[in-house]
Amino acid sequence: MNKLFLGYDIGGTKINMRVESSDSSFFKQKRIASSSDFNSIYDDTLSFLHENGINESDIAGCGCGVPGCVAKDGVTVSVAPALGWENISLYDAFFSKFKFPCYALNDVSASLYAEISSGSLKGCQDALFISAGTGLGSAILSDGAVISGHNGSAGEIGYFIEEAEARESLRFSSSTFGACENKLSGTALNDFAVKIGTDSRGLFSQYMKNNKAREIVDTYVLRLSVLIANCSSLLNPEKVVIGGGVSESLGGFIGVISETVGRLTPIKSEVIITKLKNDAGAIGACAYAKIRNVNK
């Protein structure tokens with residue numbers, strides 16, 4: 001029998017819900033406004049299922065991608081700054097409302113699972129997914145396994161620092177943007193853009209006719225290339241996939257990024273842009289639910 005799986009991509013402003021069959025031949029998807037009220041999210045979920053003629057009893061499992069650090073138990077979120085969560089049990093707050101098993105994971109890891117199941121990483125054993133959106137994060141595929149780290153914090157590249165930050169004696173915590181995040185996230189890029197009277201998308205559209213926009217974009221592309229080169233030297237991934245909102249503007253720069261990365265490290269990786277766009281998190285959450293259902 002073709003089972004159905006529910007996936008959430010929970011963000012600070014939007015929640016993307018998706019139901020998908022075990023063979024991915026059937027899916028339904030809906031975006032709703034984000035909420036801190038789990039009763040409201042539960043009611044919206046039941047409405048979404050009902051709209052598509054799906055009963056709660058039809059669901060075999062659920063994956064839930066969240067922008068934070070998720071423990072290996074799949075229910076405890078130590079911190080998710082964008083949602084204001086700290087040391088929260090999603091089982092107690094949300095998952096216990098359902099009759100099927102639910103598992104949480106980091107949202108970038110969910111995007112990585114999407115690439116593995118239905119994207120550019122099918123058959124790949126070693127890869128890195130970098131997400132540049134509201135924040136900056138990554139997820140690591142090593143020898144066919146997605147790496148979570150000791151307490152679910154593997155891939156927090158937003159906290160990478162340079163010597164300058166260390167000399168300034170800056171102190172970062174899990175509730176604040178990291179030094180690298182302050183340079184390479186979509187939020188940071190938008191902050192740079194505001195200073196010249198535009199937004200992050202405007203920077204790229206004005207690239208050929210605005211010297212200030214070109215300077216900001218060129219600096220961003222170089223910084224991203226340096227980050228990818230360093231990650232490639234450390235992890236030796238076969239492929240590096242760039243996702244998140246900023247990735248939608250980087251298609252015309254992938255050649256420059258690849259060339260620069262190849263110049264900065266002898267460890268070669270193929271650098272590509274995700275084709276799954278904003279659907280990646282929900283697709284990956286469903287894929288993760290399927291894996292947990294098989295392995296339970």
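Each residue takes its place number in the sequence, starting with 1.
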Practice item. Ignoring hydrogens and angles, state whether a donor on the side chain of S35 or D37 is under 3.5 Å from an acceptor on the partner side chain. Key: no
Review point. S233 and T265: side-chain donor and acceptor closer than 3.5 Å?
Key: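 Side chains of S233 and T265: pair found under 3.5 Å.
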Pairwise distance [atom1]([X]) to [atom2]([Y]) - rounded to 0.5 angstrom:
X    : Y    : atom1 : atom2 : result
L6   : C64  : CG    : SG    : 8.5 Å
I257 : L224 : CD1   : CG    : 5.0 Å
I130 : L136 : CD1   : CG    : 7.5 Å
C62  : E56  : SG    : CD    : 10.5 Å
L105 : Y113 : CG    : OH    : 7.0 Å
L250 : F204 : CG    : CZ    : 5.0 Å

So which atom in [X] and which in [Y] form the shortest heavy-atom distance, rounded to 0.1 Å?
X    : Y    : result
A127 : C124 : CB-SG, 4.0 Å
A154 : I147 : CB-O, 3.8 Å
G186 : V246 : CA-CG2, 3.5 Å
I10  : S34  : CG2-OG, 4.5 Å
Y159 : G178 : CD2-CA, 3.6 Å
V77  : A80  : CG1-CB, 4.0 Å

Would you say [X] and [Y] make side-chain contact, with heavy atoms under 4.5 Å?
X    : Y    : value
N2   : F26  : no
L264 : V226 : yes
N151 : S78  : no
P67  : L83  : yes
E238 : L121 : no
L141 : V146 : yes
S109 : Y288 : no
C102 : L90  : no

Would you check if the side chain of [X] reaches a backbone N or O of [Y] as a donor-acceptor pair within less than 3.5 Å?
X    : Y    : result
E259 : V256 : no
D126 : D143 : yes
S247 : G244 : yes
S225 : V261 : no
T187 : T134 : yes
S185 : N182 : no

Point to revise | Parallel, tilted or perpendicular, as decided by the 30° and 60° cut-offs, for the rings of W85 and F38 | key: tilted
**Study point:** Aromatic contact, F253 with Y220 (centres under 6.0 Å)
**Key:**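 F253 vs Y220: aromatic centres not under 6.0 Å.
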Check your understanding: Taking the six-membered ring for Trp, is the centroid-to-centroid distance between F100 and F5 below 6.0 Å?
Key -> no
**Study point:** Residues I283, S118; criterion side-chain contact (heavy atoms from CB on, under 4.5 Å); working and verdict
**Key:** CA-CA 8 Å; I283 293 171; S118 56; 3.5 Å; yes
Given the rule that I, L, V, M, F, W and Y join up when any side-chain heavy atoms are under 4.5 Å apart, are [X] and [Y] in one cluster?
X    : Y    : answer
V70  : I116 : no
L128 : I242 : yes
L203 : L184 : yes
V221 : I216 : yes
V75  : I291 : no

Point to revise | Stepwise side-chain contact (heavy atoms from CB on, under 4.5 Å) check, N278 with N16 | key: CA-CA 9 Å; N278 289 331; N16 195 6; 5.8 Å; no
Whether over 12 other heavy atoms sit under 6.0 Å from [X] [atom1]:
X    : atom1 : answer
Y207 : OH    : yes
Q125 : CD    : yes
K268 : NZ    : yes
K239 : NZ    : yes
E215 : CD    : no

Exercise for review: Decide yes or no on side-chain hydrogen bond (donor to acceptor under 3.5 Å, both in side chains) for S24 and E20, but give the supporting numbers first.
Suggested key: CA-CA 6 Å; S24 302; E20 187 175 296; 2.9 Å; yes
Practice item. Determine, stepwise, if the pair I272 / I254 fulfils side-chain contact (heavy atoms from CB on, under 4.5 Å). Key: CA-CA 7 Å; I272 56 179; I254 196 66; 5.6 Å; no
Practice item. Indicate yes or no: does K28 engage E51 in a salt bridge with an N to O separation below 4.0 Å. Key: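 Judged by the 4.0 Å cut-off on N to carboxylate O distance, K28 and E51 do not form a salt bridge.
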Practice item. Salt-bridge test for D279 and R31: reply yes if a basic N is under 4.0 Å from a carboxylate O, no otherwise. Key: yes
Point to revise | Among I59, L49, N55, side-chain contact (heavy atoms from CB on, under 4.5 Å) partner for L4 | key: I59
Check your understanding: Under the side-chain contact (heavy atoms from CB on, under 4.5 Å) criterion, do Y8 and T45 qualify, and how do the steps go?
Key -> CA-CA 10 Å; Y8 293 96; T45 301; 2.6 Å; yes
**Study point:** Set of salt bridge (Lys or Arg N to Asp or Glu O under 4.0 Å) partners for D44, sequence neighbours left out
**Key:** none
Study note, to complete from the structure: Contacts of N52 meeting side chain to side chain donor-acceptor pair (under 3.5 Å) (sequence neighbours excluded), chain-then-number -> none
